[in-house]
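Accompanying notes for the structure given below.
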Amino acid sequence: MIRTRRGALVASLAALTLGLSACGGADGGGGGDDAAPINIGIIADLSGATGDVGTPYNQGMLAYIEHLNAEGGIDGRQIEADSNDYAYEVPQAEDLYRQYVNDGVVAIQGWGTGDTEALSSRVASDELPFMSGSFAESLTDPEEAPYNFVVAPTYSDQMRVALNWIAEDAGGEAEVAVFHNDSPFGQAPVADGEAWIEEQGLGLGYQAYPMPGGQQNYVGLLSQAQSQGAKYIVIQNVASPAALVARDIADQNLDMKIVCLNWCANELFITTAGEEVAEGHILVQPFAPLAAEKEGHGVITEYIEAEGIDAADVGTSWVQGWYVMHVMAEGIRHAIENNDGEELTGAMIRESLETMGPIDTGGVVGDGTVEFSAESHRGSTSTGVYMAEGGQMVEVEAGATP
């Protein structure tokens with residue numbers, strides 16, 4: 001079951017016939033009832049500053065739940081997901097979190113870095129496993145964030161891969177400008193990137209520039225980067241502003257190459273910038289797009305064909321949502337199967353995620369598997385590197401690691 005209180009889902013999800021019944025009460029764990037639903041809360045950005053990628057991410061997550069429930073759920077138990085838009089506002093995320101706790105959820109899927117970090121101590125106190133669209137490195141240490149799990153390589157690991165790629169592409173020396181969202185999400189890998197250059201002795205200059213929101217262009221930032229001598233622009237932001245930067249580079253006829261991390265490393269960047277404008281820019285993306293045709297894409301292809309969803313509408317952010325939910329569901333499955341007859345709790349799910357070994361994603365996430373431990377909640381350190389070519393994301397390197 002899927003419920004929403006705020007925000008409208010796009011047509012491809014609104015058209016799904018879910019055959020839902022009303023959600024149960026506060027007993028999200030089922031109290032030992034083998035048929036009891038499993039309650040999960042979802043905090044989504046459908047209308048806020050990152051809604052361009054937050055919406056398809058949420059679509060993919062809900063589609064996975066729909067698929068899983070249609071296949072019988074988890075050991076015969078359906079997932080009941082309450083999904084709501086928080087518009088990228090931390091106070092709204094906190095309100096939703098309190099509501100979900102009152103509703104008796106056993107796990108939560110979140111979204112942004114600011115809200116995920118703000119809620120980290122609460123989810124630890126409430127013993128609620130929490131995954132999100134944030135891959136901030138601060139969330140991977142179980143001593144600091146015991147109930148947060150980061151499925152993909154962190155933004156910092158992605159930055160390290162990007163800087164290694166730039167150093168090799170430049171033949172050793174280059175100036176790098178980092179354009180980042182002016183938020184905890186955008187700032188997350190900036191200092192770690194500078195430290196990596198020093199640790200590895202890379203011959204790279206490095207200067208970071210916050211990207212103000214609501215801009216019509218980024219010509220001013222590009223002028224500052226150009227005065228620095230930057231030939232490479234690493235972007236830690238979502239697709240729409242990154243596409244503006246690409247268009248400005250083309251309009252100004254600048255000799256600069258963009259290297260996008262995660263949330264702008266997708267098809268939306270290419271289509272928004274335009275095929276010719278995006279051509280040749282680099283995309284560091286831990287989740288393989290459908291065009292990469294990994295084994296794990298097969299189940300998605302079957303699902304969208306059955307639902308009449310055009311594959312062209314299923315971008316990488318949608319795939320991310322599907323597989324982050326898959327990882328959480330596998331942790332829940334392991335917890336149920338290894339605690340037969342007991343009420344499902346967040347503590348059980350956490351222990352399962354830490355001890356169950358690798359979770360297979362069929363080559364979609366990093367090197368294909370996601371694995372946590374009691375010492376680290378970093379699920380993967382490897383990412384794909386793609387190039388925008390002919391309007392597609394073309395794989396340049398699979399399983400790149402720092």
Side-chain angles (χ1 to χ4, degrees), residues 1-9 22-30 37-51 53-55 57-62 64-65 79-136 138-151 183-185 188 320-321 324-325 327-329 331-332 335 343-350 353 377:
M1 172 182 176
I2 300 168
R3 288 192 302 177
T4 59
R5 289 194 188 93
R6 292 196 289 272
L9 296 180
C23 279
D27 188 7
I38 301 162
N39 294 340
I40 293 174
I42 299 178
I43 300 169
D45 183 17
L46 307 179
S47 62
T50 60
V53 291
T55 296
Y57 180 89
N58 186 249
Q59 287 179 296
M61 190 163 286
L62 299 184
Y64 178 84
I65 294 170
I79 289 181
E80 291 192 349
D82 195 358
S83 176
N84 295 283
D85 179 18
Y86 81 114
Y88 210 63
E89 296 289 342
V90 172
Q92 291 190 40
E94 293 172 329
D95 287 345
L96 283 174
Y97 176 77
R98 283 190 288 269
Q99 180 61 54
Y100 292 155
V101 171
N102 289 338
D103 289 345
V105 302
V106 294
I108 291 180
Q109 291 282 6
W111 175 246
T113 297
D115 38 284
T116 300
E117 291 181 336
L119 291 170
S120 182
S121 62
R122 295 193 209 177
V123 304
S125 177
D126 294 327
E127 298 187 337
L128 288 176
F130 194 108
M131 296 178 185
S132 77
S134 173
F135 307 128
S138 61
L139 301 169
T140 65
D141 183 356
E143 297 210 357
E144 298 295 327
Y147 275 81
N148 289 94
F149 291 85
V150 178
V151 171
S183 69
F185 149 61
Q320 286 186 269
V324 171
M325 191 63 239
V327 170
M328 177 176 277
I332 293 171
E343 178 180 349
L344 179 66
T345 66
M348 286 179 188
I349 298 168
R350 175 197 175 190
L353 287 167
H377 288 182

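Note that the numbering runs from 1 along the sequence shown for the chain.
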Mind checking side chain to side chain contact (heavy atoms under 4.5 Å, CB included) for Glu127 and listing every partner two or more places apart, or none if nothing turns up?
Tyr147, Ala347

Using side chain to side chain contact (heavy atoms under 4.5 Å, CB included) as the criterion, list what pairs up with Ala329, not counting sequence neighbours.
Tyr64, Leu68, Ile74

Quick check: closest heavy atoms across Ala335 and Leu344, and the distance to 0.1 Å?
CB-CD1, 3.9 Å

Taking all atoms of both residues into account, what is the closest heavy-atom pair of Leu119 and Ala93, and its distance?
CD1-O, 4.3 Å

Which of Leu62, Ile79, Val151 passes side-chain contact (heavy atoms from CB on, under 4.5 Å) with Met325? It is Ile79

Not counting sequence neighbours, which residues clear ring-ring contact (aromatic ring centres under 6.0 Å, His included) with Tyr97? List them please.
none

Looking at side-chain heavy atoms only, is the closest gap between Gln99 and Asn84 below 4.5 Å?
no

Any side-chain heavy-atom pair of Ile332 and Ile38 under 4.5 Å:
yes

Nearest 0.5 Å please: distance from the CE atom of Met131 over to the CG atom of Leu353.
4.5 Å

Taking the side chain from Thr55 and the backbone from Leu46, do they hold a donor-acceptor pair closer than 3.5 Å?
yes

Which distance, rounded to the nearest 0.5 Å, do you find between the CD1 of Ile349 and the CZ of Phe149?
9.5 Å

Taking ring-ring contact (aromatic ring centres under 6.0 Å, His included) as the definition, give me every residue that meets it alongside Phe130, ordered by chain and number, with sequence neighbours left out.
none

Heavy-atom closest pair (Asn58 atom, Ala44 atom, distance to 0.1 Å) is ND2-CB, 3.4 Å

Heavy-atom check, side chain of Met61 versus side chain of Val324, under 4.5 Å:
yes

Nearest heavy-atom contact between Gly48 and Tyr88 is CA-CB, 4.2 Å

Under a 4.5 Å cut-off applied to non-hydrogen side-chain atoms, are Val105 and Asn39 in contact?
yes

Could you pull out all residues at least two apart from Thr140 that satisfy side-chain hydrogen bond (donor to acceptor under 3.5 Å, both in side chains)?
none

Can you list the residues that meet the side chain to side chain contact (heavy atoms under 4.5 Å, CB included) rule with Pro146, with sequence neighbours excluded?
Ala124, Arg350

Closest non-hydrogen atom pair between Tyr86 and Ile43, with its separation:
CD2-CG2, 3.5 Å

Name all residues meeting the side-chain hydrogen bond (donor to acceptor under 3.5 Å, both in side chains) criterion together with Glu117; count only those two or more places apart in sequence or in a different chain, and write none if there are none.
Ser138

Hey, what do you get for CD1 (Ile40) to CG (Asp103), rounding to the nearest 0.5 Å?
13.0 Å

Quick one: closest heavy-atom pair of Val150 and Ala136, and the distance?
CG2-O, 4.1 Å

Approximate separation, where rounding is to 0.5 Å, of Arg122 CZ and Glu94 CD:
4.5 Å

For the pair Asp141 (side chain) and Glu143 (backbone), establish whether a donor and an acceptor sit closer than 3.5 Å, ignoring hydrogens and angles.
yes

side-chain hydrogen bond (donor to acceptor under 3.5 Å, both in side chains) with Ser132: which of Thr113, Thr116, Asp115?
Thr116

Holding to side-chain hydrogen bond (donor to acceptor under 3.5 Å, both in side chains), I want the full list of residues that pass it with Ser47, two or more places apart in sequence or in another chain.
Asp85

Checking Thr50 now: which residues fulfil side-chain hydrogen bond (donor to acceptor under 3.5 Å, both in side chains) with it, not counting sequence neighbours?
Asp45, Trp111

